[in-house]
Structures are given as C-alpha cells and as structure tokens.
Amino acid sequence: MAPSAVDPTNTSQEDSPPAQGLTQEQLDSFHENGYLVIPGFLSADEVHSLLSTTHDLLDNFPLESHPLTRFTTGDDVDGDKKTEKHVGDEYFLSSGDKIHFFFEPDAVAPPDPDNNQQQPRLLKPKHLAINKIGHGLHMKSPPFARVTLSRRNAAIAASLGFRDPRCLQSMVICKQPGIGGAVPPHRDSEFLYTNPPSAVGWWIALQDAGPGNASLGMWKGSHRGRKGGHIRRRFVRASAEEGGGTKFVANDGPGLPRGMEEEEEAAAAQDSTEGPGRGVNEEDESFETLSVKAGDLVLIHGNVLHKSEKNTSAKSRFAYTFHVIEGAEGWTYDERNWLQPPPEGFSRLTDAVVS
C-alpha cells in the first residue's frame, strides 16, 4: 500500500513501551453494551491541537468556490414527514481522501428566483455554519493523523479482534450553537458495510458534551441479534439511471459480525423493516445519554443503535470521529458503499505499529 498523504509518525514513540489495548473488563463492557467510554483518551495538548486545527480550517477554506453542499441524513424528520434527501453530490461523494466542508441545512437559504436570488446564500458566518469537516482528515492533516494512525489505536483494534484494521471516514462534527443538526437513530455499519459487518467507530469529544448539548444517545445492547441489531438496510451510491447521489437499500448480505452467528436466527425472526430501529425510543430502559469530557473516547460498535439531538444550546459541541473496518481476507468492503477507497486503499492502522 502506498504511504499516506501525511506522515503521522511520531518519532518519540521509537523508544516507548508497546501500546496497551483494552483490558478484559473494558472488552466485556464493550461486547455487552455495544459501546465503551474511555475517559482522558487524548491529552489536553492533543485536544487543543485538534481544536486549533479545526478553527484554522473553518476560518480559511475558500467560500467562493464552494458548492454550498448541505449535509442531511435522509432520515431527518419534520413531525412525521421525511424532509430532504441525503446529500449525494460529487463534492460529497469525492470527499473520502480530502478535506471538504458540509453546511448545516438551517445555515443556507435556498435560491429564491422571485426575489432575484439565483443561488443559495449563507445565513451565518461560514465558521458558524458548517455541520462537519471530512472525510479524509487522517490522510491530509498531520495533527489528526497523529491521533488516528497511532500504536495506541492499533493496539485497541487488535484487542477488539481486528486482523488488518483499516481507517476511513475521519471527520469533525461541529454541532454549531443553536443549529447543530440532529443525527437520527442509526447503525454505522449501514453506511460503511463490509461482508460480514466489521465497523467500529472512534468518537472523541473535543468539547464537553452532555444532556442539553447534543451528546450521544446510546441503546445498550442494541448491537445484539436478539435485540434487533441486524443490519437491515444499506446506504449506497445510486446509479446514473436513478439520477445519481445516494439512497438506502435493503441489505441482502450478513447482518451481524462474525462470531455472532448464534444470534442470526434470533435476528431473522425479528421484524424485517429496513429502518434502523423498530419502535425504540428514549423511554426504553436501555437508552443512555452520555456525559463526556473533552478528550474522552467513545468506542461504538458498528451495529449498535445511537443518535444525537440538535444542539439547541449556546455552545458548540465539536467531536472528532473516524471508523475502522476489517481489511483481512474473508471480509469484503462493498463496492456500492457511498464511500469508496482511494487508489492506494484505506489507511492501515498496523502501519503505525511498524513505523
């Protein structure tokens, strides 16, 4: 595999002891709940570096050449009605190995020909209007590369059972004050599907996040087949005949990760709706709104159901997230996925171990 566009090698690691993975207690908690909070994962200096880099990116990206692409999930709802189609223009589809900027829907006014407005226009300063920055931060930004392609993350992946962990879809979620959009209940393997499923998310708070500030909401154990954790739908690229862009389709491949086959029968007996959750709500005893501090890591199983609310507070809630999939023989990254690998392939976490 060709080297990454940036060199994340930290020479101070040369004489350091081997990085430690998860403890047995942490592994047991992750497998039971489908997520794990690791306090203080990044140091204050590391958090400061990522926040400073983020603000530089927000301040300096060129607005004149930007297509004003807005990020919507396709599951956004207004009452009981679906709203906008998921983002799917070329700016979005080509962002896997680039640093692109996606606006909040509420920050952009659509064209209004009746008032002689032929183009969309921003309703807020650009640095307060961005939903997220992605999806190749770990490839193009040295500060993000250093905290992503690291021995520590390779060790965690190894303890989770990864043989050839590949990193992809790295992004900063901004959750801007007052308009930071909600992310409806979903499972990450719907968007980054491998056959069989293997995705795990690394979600790192860059600012404190808790109830009232758009923190993560998790359904404990919802990754298990007996609790409806089967991947029933997929987020894919639509064909040219369909008008391009993206869409959800029913999943016709395995719905559970390898090693969970004993739950396949229980999952198959569940309602076969394509949606991410069947009647789940925040009143379920399994639902938990996380309270995390800047620097905390939340590991998220690709089949666990989770969400975040709109940020109605006066404070932003920046978080850095990336995903890891299995690249070893026996797992296939689907060619229909919205995110496709660059020519050199997705980044190997194991390269950090031997660097």
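By convention here, the first residue in the shown sequence is residue 1.
- In this structure, Phe92 and His135 have perpendicular ring planes: the angle between them is above 60°, well past the 30° mark.
- Here the side chain of Asn311 pairs no donor or acceptor atom with the backbone of Ile179 at under 3.5 angstrom.
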Only distances under 3.5 Å count here; give the side-chain donor-acceptor pairs of residues 47-62 to other protein atoms, sequence neighbours excluded, each with its distance to 0.1 Å.
| residue | atom | partner | partner atom | Å |
| --- | --- | --- | --- | --- |
| Thr53 | OG1 | Ser49 | O | 2.8 |
| Thr54 | OG1 | Leu50 | O | 2.8 |
| Asn60 | ND2 | Asp56 | O | 2.9 |

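- Residues Leu216 and Leu305 are members of separate hydrophobic clusters, defined by side-chain heavy-atom contacts under 4.5 angstrom among Ile, Leu, Val, Met, Phe, Trp and Tyr.
- By the ring pair (Phe, Tyr, Trp, His ring centres under 6.0 Å) test, His31 pairs with no residue at all, sequence neighbours left out.
- Annotation: cation-pi pair Arg187/Trp219 absent, no NZ/CZ under 6.0 Å from the ring centroid and within 45° of its normal.
- Relative orientation of the His66 and Phe103 rings is perpendicular, given thresholds of 30° and 60° on the angle between their planes.
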Practice task
Determine, step by step, whether His186 and His306 satisfy the side chain to side chain donor-acceptor pair (under 3.5 Å) criterion, reporting the C-alpha distance in whole Å, the side-chain angles of both residues, the deciding distance to 0.1 Å, and the verdict.
Solution key: CA-CA 6 Å; His186 67 283; His306 60 289; 3.2 Å; yes
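- A continuous path of Ile, Leu, Val, Met, Phe, Trp and Tyr side chains, each step under 4.5 Å between heavy atoms, connects Phe318 with Phe322, placing both in one hydrophobic cluster.
- With hydrogens and angles left out, the side-chain atoms of Gln340 and Tyr333 include no donor and acceptor closer than 3.5 Å.
- Applying the salt bridge (charged side-chain N to carboxylate O under 4.0 Å, His left out) test to Arg234 and every residue at least two apart in sequence or in another chain returns Asp334.
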Practice task
For salt bridge (Lys or Arg N to Asp or Glu O under 4.0 Å), just list the numbers for Asp106 and Lys310, CA-CA rounded to whole Å, side-chain angles, deciding distance to a tenth of an Å, and then say yes or no.
Solution key: CA-CA 11 Å; Asp106 290 348; Lys310 181 174 181 176; 3.2 Å; yes
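- No donor-acceptor contact under 3.5 angstrom links the side chains of Ser286 and Lys227, judged on distance only.
- Side-chain atoms of Thr321 come within 3.5 Å of backbone atoms of Trp202 as a donor-acceptor pair (strictly under, hydrogens ignored).
- Because its NZ or CZ atom is both nearer than 6.0 Å to the ring centre of Phe41 and within 45° of the ring axis, Arg152 counts as a cation-pi partner of that residue.
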